[in-house]
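Keep in mind that what you see is a predicted model, and the values were worked out from it rather than measured. The basis for the numbers below is simple: all heavy atoms, side chains too, and nothing from hydrogens, waters or symmetry mates.
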2 protein chains.
Amino acid sequence: MRYSRQRELITEIIKGRKDHPTADMIYQSARELEPNISLGTVYRNLKLLSDDKVIITLETEDKRLHYDGDTSRHSHFICSKCGKIIDLFKPSETPSEIKEAGLFVTGEKCVYYGYCTDCNN
Amino acid sequence: MRYSRQRELITEIIKGRKDHPTADMIYQSARELEPNISLGTVYRNLKLLSDDKVIITLETEDKRLHYDGDTSRHSHFICSKCGKIIDLFKPSETPSEIKEAGLFVTGEKCVYYGYCTDCNN
DNA sequence: ATAATAATAGTAATCATTACTGATAACGAT
DNA sequence: ATCGTTATCAGTAATGATTACTATTATTAT
């Protein structure tokens, strides 16, 4: 894969923030430094980065993909009211049933839903 | 909520199968008994049933929603090669961090990725 | 520096899902 | 049982996130 200024910028943006932005949010942020960057470029590179396991893709209920620059094994909590995504750093335990069934695991995505402390009042 | 023949049929179809069909698959199946049923009707009722927790909605990597008539607490395994969705009946353990953080949990969706026994050869 | 070609910007296309609209059907009240 | 209200429907149009396309630009091996 060749170097590109745009991909470097996109990677820096995702790695540099602690929220879980959508492609459009990353696009808006990237345009501040690279005003002519194309939304298609953002999408293409997000897919490349995700395929290379440089970032993580989250499929959420809002029908948009969210991206996470933290690739360490962890789960997420999504507030059903405000939509906030919170990192949970103690990952869930993988069910023993998986190895018993002879399945080969390469990854996991555990999302817990509910209300965050701000919204549960 | 009023009774409707279409919603009853849709519910029966989902509850009666063990796979995790998309809206279109349910639509195709429904048309066998109700040839004039509309795809919009299928989508609207799937959303109603999901809101009422009669069925579960799964956001997968294929960009289509999949539905599960089994609402018991369980996880899923998705084969990255053939796309097959396998039920895991021993649910993952909820991370202790959640209660410690004061978050109120209403649901969870844990998906494990990898290769099924058919595809791991 | 040059050639080969990966990557880009800008735009058009895709496609799952949702919204809309006039007709139909469920069902409580009469 | 009929009537009126209105939820639900069939059919179709619109939406919007994502992907595909194309001519141009930029990277990198030689």
Side-chain angles (χ1 to χ4, degrees), chain A residues 1-14 19-52 54-69 78 80 83 85 109 111, chain B residues 1-14 19-52 54-69 78 80 83 85 109 111:
Chain A
M1 202 193 302
R2 280 188 191 169
Y3 168 85
S4 93
R5 197 175 63 252
Q6 291 87 337
R7 180 161 50 244
E8 174 121 325
L9 175 58
I10 291 165
T11 307
E12 270 174 22
I13 288 171
I14 304 176
D19 59 347
H20 304 76
T22 62
D24 194 66
M25 290 163 76
I26 293 163
Y27 172 59
Q28 297 302 338
S29 176
R31 287 214 301 178
E32 291 171 14
L33 281 168
E34 192 77 31
N36 288 328
I37 195 170
S38 163
L39 182 56
T41 297
V42 174
Y43 271 106
R44 184 166 29 76
N45 280 298
L46 287 173
K47 172 164 281 195
L48 284 171
L49 293 170
S50 186
D51 288 346
D52 281 11
V54 176
I55 62 174
I56 288 172
T57 302
L58 292 172
E59 298 86 18
T60 66
E61 289 184 331
D62 70 359
K63 309 269 195 293
R64 291 178 296 177
L65 296 176
H66 289 253
Y67 298 91
D68 189 348
I78 302 182
S80 299
I85 303 177
K109 287 177 187 170
V111 180
Chain B
M1 202 194 304
R2 280 188 192 168
Y3 168 85
S4 94
R5 197 174 63 250
Q6 290 86 341
R7 181 160 50 245
E8 174 121 325
L9 175 59
I10 290 165
T11 307
E12 271 173 22
I13 288 171
I14 304 175
D19 59 347
H20 304 76
T22 62
D24 194 65
M25 290 163 75
I26 293 163
Y27 172 59
Q28 297 302 338
S29 176
R31 287 215 300 178
E32 292 171 12
L33 280 167
E34 192 77 31
N36 288 329
I37 196 170
S38 163
L39 182 56
T41 296
V42 173
Y43 271 107
R44 184 166 31 76
N45 280 297
L46 287 172
K47 172 165 280 192
L48 285 171
L49 293 170
S50 187
D51 288 346
D52 280 11
V54 176
I55 62 174
I56 287 172
T57 302
L58 292 172
E59 298 87 18
T60 66
E61 290 184 329
D62 70 0
K63 309 266 193 291
R64 291 177 297 176
L65 296 176
H66 289 253
Y67 298 91
D68 190 348
I78 301 182
S80 298
I85 303 177
K109 287 177 187 171
V111 180

Contact summary for I10(B) and T41(B), nearest pair of heavy atoms: CD1-O, 4.1 Å
Which one, dA7(C), dT27(D), dT17(C), comes nearest to the side chain of Y43(B)? dT17(C)
CD of E61(A) versus P of dG16(D): gap in Å, rounded? 19 Å
L39(A) CG - dA13(C) C1' separation (whole Å): 15 Å
Evaluate the side-chain proximity of L58(A) to H20(A): yes if any heavy-atom separation is below 4.5 Å, no if none is. yes
Taking CZ from R5(B) and P from dC27(C), how many angstroms apart are they, rounded to a whole number? 12 Å
I'd like to check L48(A) versus D52(A) (side-chain heavy atoms, cut-off strictly below 4.5 Å). Are they in contact? no
Any side-chain heavy-atom pair of K47(B) and T57(B) under 4.5 Å: no
Terminal axis angle for the helix from dA1(C)-dT30(D) to dT30(C)-dA1(D), five pairs an end, nearest 10 degrees: 40°
When you measure from the side chain of I37(A), which nucleotide among dA9(C), dA7(C), dT18(D) comes out closest? dA9(C)
It should be established whether S4(A) places a side-chain nitrogen or oxygen under 4.0 Å from OP1 or OP2 of nucleotide dT8(C). yes
Go nucleotide by nucleotide along DNA chain D from the 5' end; which of R7(B) and A23(A) gets its closest nucleotide reached first? R7(B)
Can you tell me the distance, in whole Å, between the CG atom of L65(A) and the P atom of dA16(C)? 15 Å
Do the non-hydrogen side-chain atoms of R31(A) and Q28(A) ever get within less than 4.5 Å of each other? yes
Report the nucleotide, chosen from dG11(D), dT8(C), dT17(C), that has the shortest atom-to-atom distance to any side-chain atom of S38(B). dG11(D)
Rounded to whole angstroms, how far apart are CZ on R31(A) and P on dA9(C)? 12 Å
Could you work out which one of dC9(D), dT17(C), dT8(D) sits closest to the side chain of Q6(B)? dC9(D)
For dT6(D), does either OP1 or OP2 sit under 4.0 Å from a side-chain N or O belonging to R2(B)? no
When rounded to whole Å, the CZ to C1' distance for the pair R44(B) and dG11(D) reads 12 Å
Using a 4.0 Å heavy-atom cut-off across all strands, classify Y3(B) as base, sugar-phosphate, or nothing. sugar-phosphate
Between M1(B) and D62(B), name the one whose nearest nucleotide on DNA chain C is closer to the 5' end. D62(B)
So N45(B), base contact, sugar-phosphate only, or nothing? Heavy-atom distance under 4.0 Å. sugar-phosphate
Any side-chain heavy-atom pair of I13(A) and L33(A) under 4.5 Å: no
Hey, are the side chains of V111(A) and T60(A) touching, using non-hydrogen atoms and a 4.5 Å cut-off? no
Can you figure out which of dT17(C), dC9(D), dT18(D) approaches the side chain of K63(B) most closely? dT18(D)
How is R64(B) classified with respect to the nucleic acid when contacts are heavy atoms under 4.0 Å: base, sugar-phosphate, or nothing? sugar-phosphate
Could you check how far OH of Y27(B) sits from P of dC9(D), rounded to whole Å? 14 Å
Please state how far atom CG in L49(B) lies from atom P in dT8(D), giving the value in whole angstrom units. 11 Å
Can you find a heavy atom in the side chain of R5(B) that is under 4.5 Å from one in the side chain of Y3(B)? yes
